[in-house]
There are 2 protein chains.
Amino acid sequence: MSSNQDVNGGRTRTTRRSRDEGVRRAEILDAAIARFGRDGYENTKWAEIADDVGIGPTALYHYFDSKQHCLYVILDEALGELHERFDAITAEHADAGEVLRALCADCFELSEREVLRNRVLVAEQVLLSGTSSSQREEQARLAGREKTRGLELAWARFLADAMSQGAIPERDPRMLARAILGLYNSIWHWYRPDQTLLLPTLSEFFTARMLAVAGMSTDRAPAA
Amino acid sequence: MSSNQDVNGGRTRTTRRSRDEGVRRAEILDAAIARFGRDGYENTKWAEIADDVGIGPTALYHYFDSKQHCLYVILDEALGELHERFDAITAEHADAGEVLRALCADCFELSEREVLRNRVLVAEQVLLSGTSSSQREEQARLAGREKTRGLELAWARFLADAMSQGAIPERDPRMLARAILGLYNSIWHWYRPDQTLLLPTLSEFFTARMLAVAGMSTDRAPAA
DNA sequence: ACGTCCTGATTCGAACTCACGTCAGGTACA
DNA sequence: TGTACCTGACGTGAGTTCGAATCAGGACGT
């Protein structure tokens, strides 16, 4: 992998954190996720996040190059954790069918913060295209871009393997990965954590639909 | 329906258009669709659209209240045409299975302009939340919001009907509508009209996946 | 037919708003 | 003294507002 670089903003390599290991930075990220996830990136004023944390707007630039840079770090973090979970699950099962079921189910084991972060991810992932000016910002952008691509490829590789195992029908694995991930991502365009609809309910419905897209239907239907 | 109001900007009721019935306005919409679809709404400068049409930036405000108002009109137009096509197809077949197949196939009969417009739609539909200041702008926003809801409800009604006909398995129709539309919409997040991938190829793959989500699979797969 | 007056559609340049970002510098703690 | 952290004053750029100029066409008296 090409992403062992320090992408989170040149903080992790500094010899010693003053006393509280980047808590401010984490506070800012949490506030940004909450605002971006609830109101959207564009509707959120950079200064509001400063207020949430209790510092002046200028102080934010001590931690991030720009509002966009902060967003890129959030996206990068989200994509990184998604990929980690993918790897963990593919490692712990052998049968492709089991893995696929476990992957789909795991997609809904989310804290409120993670739901919000998913909302940010699907709403603003498009901003990972189009170049940036600053150094660290461009670096974070490319890292996010690469992680998106990496996750998609990991899914495609897994699906191709599942096809050769006969767990799902043969199809273009890349397209199928896009279809499954697209169906999953579409949820966060409308789902909000404060709704009456709960995650287990969502999970029950959508894991089955995701498996159906893959061709592993759990029910029998009238054929064509 | 509540949308017989004049939402496109108070032009249609004026007694006489100078001589060319709103060609400028149409030019602006075309330029905006092209820019928004290619570069994204936020990355497009309002003044660039004015340049494309060959007028000064301020002249745009003769046709639209704001950049957002222009976007809302585009979204409204897109959603309106989608609903029209939905109605036309549901009217011309009787069997629910046939209708579903026809609906999915029709979703890919698109001109380049329509593809771009779909890109704008899926990328910026979230902006239909969150109130607006101006009068006409808020009106256009609500119209778009209502059309979104209407299209989703129309799909849900149709799917419920298909279930009672036995064409697809029984499930929550509202959720299923969101799943099918979500899978379809996800395409336009990554598909660009200038790619080597052609619409017929897309159609072949994704109509089958959409039908699979509905539970009308065309192939047999290893069951659970 | 022809010049005058009027109106509404369309356009523009200059100025304003507002949010993001920069700069020079201040405080506190090692 | 140096570094982390923070601030107030200021600059910038995109969107928007405002007042005024231009232009086409209708009404009207001659």
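The chains referred to below are lettered A, B, ... by the order of the sequence lines, with proteins before strands, and numbering in each begins at 1. No experiment lies behind these values; they were computed from the predicted model shown.
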Mind listing the residues from residues 27-51 of chain A sitting with a heavy atom below 4.0 Å of DNA chain C? Number order is fine.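 A/T44, A/K45, A/W46, A/A47 - these, ordered by number, are the residues of the stretch whose heavy atoms sit under 4.0 Å from the strand.
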Mind listing the residues from residues 54-61 of chain A sitting with a heavy atom below 4.0 Å of DNA chain C? Number order is fine.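 Those residues are A/T58, A/Y61.
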Presence of salt bridge, B/R113 and B/E77, under 4.0 angstrom: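 Salt bridge: yes.
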Assess whether a salt bridge exists between B/R85 and B/E109, defined as any Lys/Arg side-chain N lying under 4.0 Å from an Asp/Glu carboxylate O.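 Not counted as a salt bridge, because no side-chain N and carboxylate O are separated by less than 4.0 Å.
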Neighbour count above 12 (heavy atom, 6.0 Å) for B/Q135 CD: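 Counting other residues, nucleotides and ligands, CD of B/Q135 stays at 12 neighbours or fewer.
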Flag yes if more than 12 heavy atoms outside A/E204 fall under 6.0 Å of its CD atom; otherwise flag no.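 Check fails, neighbour count at 12 or below.
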Separation of atom [atom1] in [X] from atom [atom2] in [N], rounded to whole Å:
X     : N      : atom1 : atom2 : value
A/L71 : C/dG21 : CG    : P     : 12 Å
A/K67 : C/dG21 : NZ    : P     : 8 Å
B/Y63 : C/dT11 : OH    : C1'   : 8 Å

Counting only side-chain nitrogens and oxygens, does A/H62 get under 4.0 Å of the OP1 or OP2 atom of D/dC5?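 Indeed, a polar side-chain atom of A/H62 lies that close.
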Taking only residues at least two apart or on different chains, which pairs with a member in residues 174-197 of chain B satisfy salt bridge (Lys or Arg N to Asp or Glu O under 4.0 Å)?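 Matches after skipping sequence neighbours: B/E152-B/R174, B/E152-B/R178.
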Ring centroid separation B/Y191 to B/F108 under 6.0 Å: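 No; B/F108 has its ring centre 6.0 Å or more from that of B/Y191.
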Measure from the side chain of B/R24, starting at C-beta and using heavy atoms only, and say which of C/dG21, D/dC5, C/dT10 lies closest.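 For B/R24, the side-chain atoms sit closest to C/dT10.
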Parallel, tilted or perpendicular: rings of A/F86 and A/W155 (30°, 60°):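 Tilted, since the angle between the ring planes falls between 30° and 60°.
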State, yes or no, whether a side-chain contact exists between B/F36 and B/E124 at a heavy-atom distance under 4.5 Å.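 A side-chain contact is absent here, since even the closest heavy-atom pair is not under 4.5 Å.
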